[in-house]
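See below for the structure under consideration.
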Amino acid sequence: MTGVEPDQLDDQQLIKELEAIHRTRHTTLLHGSDDALRTHNERMAELEGEYLRRHPRRSVAAGRTREGARERGGADS
């Protein structure tokens with residue numbers, strides 16, 4: 001594993017780590033080696049898993065659901 005174990009990060013550090021890894025995702029996908037992409041995937045999964053563990057009842061925006069997407073697209077349900 002690279003970096004501090006996610007469960008050892010405080011909430012602010014966890015958010016900063018998530019922001020950083022999401023910021024670098026596209027470049028890693030397009031230009032990273034297979035090993036770099038694998039490491040990136042593992043770290044992102046660890047960080048996101050920790051966030052979800054801490055916030056199981058996080059607020060979900062209606063537009064970020066399947067039903068909300070259908071409404072945005074004007075498709076019938």
Side-chain angles (χ1 to χ4, degrees):
M1 192 201 70
T2 303
V4 176
E5 290 286 343
D7 64 351
Q8 299 299 308
L9 299 169
D10 66 31
D11 284 346
Q12 184 177 6
Q13 292 168 324
L14 179 60
I15 293 297
K16 287 185 138 209
E17 289 281 327
L18 283 164
E19 289 171 347
I21 204 159
H22 286 129
R23 199 171 39 251
T24 60
R25 179 65 184 170
H26 190 74
T27 302
T28 304
L29 175 64
L30 295 179
H31 306 292
S33 66
D34 290 345
D35 188 48
L37 185 57
R38 188 173 19 265
T39 299
H40 203 274
N41 288 342
E42 291 169 3
R43 181 64 173 171
M44 186 164 22
E46 291 170 350
L47 293 168
E48 289 178 347
E50 180 62 19
Y51 181 85
L52 293 172
R53 185 188 70 75
R54 292 183 194 187
H55 304 282
R57 300 187 202 287
R58 72 195 190 288
S59 176
V60 176
R64 300 301 298 178
T65 64
R66 287 184 180 179
E67 184 177 334
R70 282 192 293 272
E71 288 175 10
R72 270 195 326 270
D76 293 330
S77 297

- Apply salt bridge (charged side-chain N to carboxylate O under 4.0 Å, His left out) to Asp11 and list each qualifying residue two or more places apart in sequence or on a separate chain. Arg54
- Query: Taking it one step at a time, do Glu46 and Arg43 satisfy salt bridge (charged side-chain N to carboxylate O under 4.0 Å, His left out)?
  - Reply: CA-CA 5 Å; Glu46 291 170 350; Arg43 181 64 173 171; 3.8 Å; yes
- Query: Can you find a pair of side-chain heavy atoms, one from Asn41 and one from Arg25, that are under 4.5 Å apart?
  - Reply: yes
- Please tell me if the side chains of Ser33 and Arg38 come closer than 4.5 Å, counting only heavy atoms from C-beta onward. no
- Query: About how many Å separate CG of Asp35 and NE2 of His40, when rounded to the nearest 0.5 Å?
  - Reply: 13.0 Å
- Item | Residue pair Leu47 / Leu9: nearest heavy atoms and the distance that separates them | CD2-CD1, 4.0 Å
- Any residue meeting ring-ring contact (aromatic ring centres under 6.0 Å, His included) with His55, in chain and number order, not counting sequence neighbours: Tyr51
- Please confirm whether the backbone N or O of Leu18 pairs with a side-chain atom of His22, one donor and one acceptor, at under 3.5 Å? yes
- Query: Quick one: CD on Glu48 to CG on Leu14, what's the gap to the nearest 0.5 Å?
  - Reply: 10.0 Å
- Task: Using atom types as modelled and distance alone, determine if a side-chain donor or acceptor of Thr65 lies under 3.5 Å from a backbone N or O of Ala62.
- Result: yes
- Verify the cluster assignment for Ile21 and Leu29: are they in a single hydrophobic cluster under the rule of side-chain heavy atoms below 4.5 Å apart? no
- With Arg53, which residues qualify under salt bridge (charged side-chain N to carboxylate O under 4.0 Å, His left out), at least two apart? Glu50
